[in-house]
Asks: 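Pasting a structure here, questions to come.
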Number of protein chains: 2
Amino acid sequence: MVPLTPGERAALDRLEERERSLRRGATLVREKDHGGEMFVLRKGTVMSSVLLDDGSRQILRFMFPGDLLAGSALVYREATETLTALTDCTVSPFERPLLAKLITDHPRLAAVIMVYSQIERAALTDRLAALGRTSAKARVAAILIEIRNRQRMMNPALGSSFVLGLTQEEIGDATGLTAVHVNRMLRQLEEEHLIARETGRMILKDERALSRAANYVDRYTGLDLAWLPDPR
Amino acid sequence: MVPLTPGERAALDRLEERERSLRRGATLVREKDHGGEMFVLRKGTVMSSVLLDDGSRQILRFMFPGDLLAGSALVYREATETLTALTDCTVSPFERPLLAKLITDHPRLAAVIMVYSQIERAALTDRLAALGRTSAKARVAAILIEIRNRQRMMNPALGSSFVLGLTQEEIGDATGLTAVHVNRMLRQLEEEHLIARETGRMILKDERALSRAANYVDRYTGLDLAWLPDPR
DNA sequence: CGCACTGTTGAGGTATGTCAAGCTTCGTGG
DNA sequence: CCACGAAGCTTGACATACCTCAACAGTGCG
């Protein structure tokens with residue numbers, strides 16, 4: 001997205017010096033954990049979620065390679081979100097002082113971090129509007145498109161057929177629905193020929209109609225980064 | 001929250017050189033506006049919202065003095081949110097290059113901005129979980145507590161009685177409910193003696209029970225800022 | 001004084017949840 | 001390689017939280 005200077009490249013590489021592997025299903029951080037490490041996701045997919053006291057779960061976000069994990073450790077003593085590997089993953093843990101040094105030495109990278117957090121903010125507010133004001137069908141459609149598009153960022157060859165990698169219960173926890181109702185919405189989308197399903201695969205058969213049904217906005221395009229400070 | 005050096009103070013003051021007044025109800029930025037200005041809110045209350053194509057509205061956030069408005073102008077050519085004054089307000093507009101300079105010259109302030117955006121992220125994810133997984137009554141209770149607590153940050157003397165400054169329709173747009181149902185939930189909270197209402201005033205009669213009903217978490221306490229880089 | 005906005009209340013409808021049963025898929029260990 | 005169990009999926013019947021529409025009452029502003 002932004003060409004880096006060798007110095008910037010080196011500073012980012014220092015964040016990724018260590019490396020840790022996670023099995024599918026493993027928990028990287030649990031809500032209320034102390035520890036305060038942050039991570040860069042290198043490979044795989046991670047979800048972040050919270051548990052409410054009635055035992056229900058809300059999935060907040062899905063993370064893909066390049067994303068910063070546990071950014072809230074910048075601020076809070078206790079983790080605010082649980083991070084769980086959805087696939088086998090590798091992550092690079094790093095400590096807060098390293099980030100402080102990066103901000104000091106490389107102001108343009110600090111700005112890029114702010115840019116990423118604004119993109120994330122936009123994605124969160126989209127989901128907020130979806131949960132507050134759209135139908136179950138729209139929310140399910142939105143999550144299908146979003147996952148496909150994020151997978152496509154890492155693999156531009158990806159077409160309309162992809163492996164979702166989520167159970168219907170997980171889709172429900174992300175959209176604020178029950179697994180049973182997610183199932184019905186998927187079937188309905190299938191009956192309307194907007195999607196098709198094969199074991200493990202999701203196929204978007206009418207992306208135009210699906211995006212319309214979902215109110216989908218792509219937050220990873222239409223960026224304006226001309227204001228970034230000069231690299232150091 | 002953090003004591004500033006004179007240099008930092010001066011840099012922040014430069015963001016606030018200009019000043020603009022807004023009447024209650026006025027729109028500061030409309031969704032899809034170009035322009036790319038950002039603002040610091042100096043006085044008053046502002047809400048940010050989005051409109052969906054069926055005409056419904058989702059209120060994303062309420063902003064109070066000191067908050068950064070339109071941070072998404074950092075990234076997007078078109079505004080992603082509408083900003084509306086809930087009370088008479090004064091704001092200080094500033095341009096992106098000024099922020100770029102601030103990041104370069106004052107790394108610790110850059111870090112503080114990141115801290116604020118993490119706090120905001122936490123608040124957004126709390127609301128996401130509330131919309132996805134809690135009852136109408138809990139969501140209404142949560143918004144009452146949140147507004148009171150944010151007002152109290154600016155006026156520590158504020159007790160359990162305060163002026164909400166929102167219509168029931170606005171509460172509904174923030175919580176993903178209809179105005180009619182908000183009304184019923186307020187009455188129910190009143191019948192259970194959790195709140196009382198006088199014209200224009202809201203009184204929290206049993207904050208303990210209300211917080212419990214609302215799953216409320218205060219995101220403005222429990223911060224850990226020891227990692228911030230040294231001031232320049 | 002009148003009009004627009006906000007709040008209140010009731011009756012009835014609908015989207016989504018709950019519970020329960022049976023089915024498929026898949027990994028594991030015998 | 002098969003058998004088994006666990007996890008996920010599918011479907012139906014029924015329950016309910018929240019919505020819609022509609023009418024009216026209070027409040028404040030021009």
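Residue numbers begin at 1 in each chain, while the letters A, B, ... track the order of the sequences.
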Asks: Counting only side-chain heavy atoms from C-beta out, which of C/dT6, D/dT27, D/dG12 sits nearest to B/Thr167?
Replies: C/dT6
Asks: Does the distance from a Lys or Arg side-chain N to an Asp or Glu carboxylate O, for B/Arg96 and A/Asp224, drop under 4.0 Å?
Replies: yes
Asks: Taking for each residue the nucleotide of DNA chain C bearing the nearest heavy atom, is the 5' side occupied by A/Thr199 or by A/Lys137?
Replies: A/Lys137
Asks: Just call it for B/Gly172: base, sugar-phosphate, or nothing, with non-hydrogen atoms closer than 4.0 Å on any strand.
Replies: nothing
Asks: Using the salt bridge (Lys or Arg N to Asp or Glu O under 4.0 Å) rule, take A/Arg150 and A/Asp67 through it: C-alpha gap first, then chi angles, then the decisive distance, then the call.
Replies: CA-CA 11 Å; A/Arg150 294 229 48 191; A/Asp67 282 349; 3.3 Å; yes
Asks: State which of D/dC19, D/dT11, D/dA22 makes the closest approach to the side chain of B/Val180.
Replies: D/dA22
Asks: Toward the 5' end of DNA chain C, which comes first, A/Thr178 or B/Leu186, by nearest nucleotide?
Replies: B/Leu186
Asks: Any ion pair linking A/Arg24 and A/Asp88 (charged N to carboxylate O, less than 4.0 Å)?
Replies: no
Asks: Of A/Arg133 and A/Gln168, whose closest DNA chain D nucleotide lies nearer the 5' terminus?
Replies: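 Here A/Gln168 is the residue nearer the 5' end.
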Asks: Can you find a donor-acceptor N/O pair under 3.5 angstrom joining the side chain of B/Arg184 to the base of D/dT20?
Replies: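 It does, because a donor-acceptor pair links the side chain of B/Arg184 to the base of D/dT20 below 3.5 Å.
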Asks: Classify the nucleic acid contact of B/Gly25 as base, sugar-phosphate or nothing, counting any heavy atom under 4.0 Å across all strands shown.
Replies: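 Here B/Gly25 touches no strand at all.
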Asks: May I ask you to say what B/Arg187 touches in the nucleic acid, namely base, sugar-phosphate or nothing, with a heavy-atom cut-off under 4.0 Å?
Replies: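 If one applies the 4.0 Å heavy-atom cut-off, B/Arg187 turns out to touch the sugar-phosphate alone, with no base involved.
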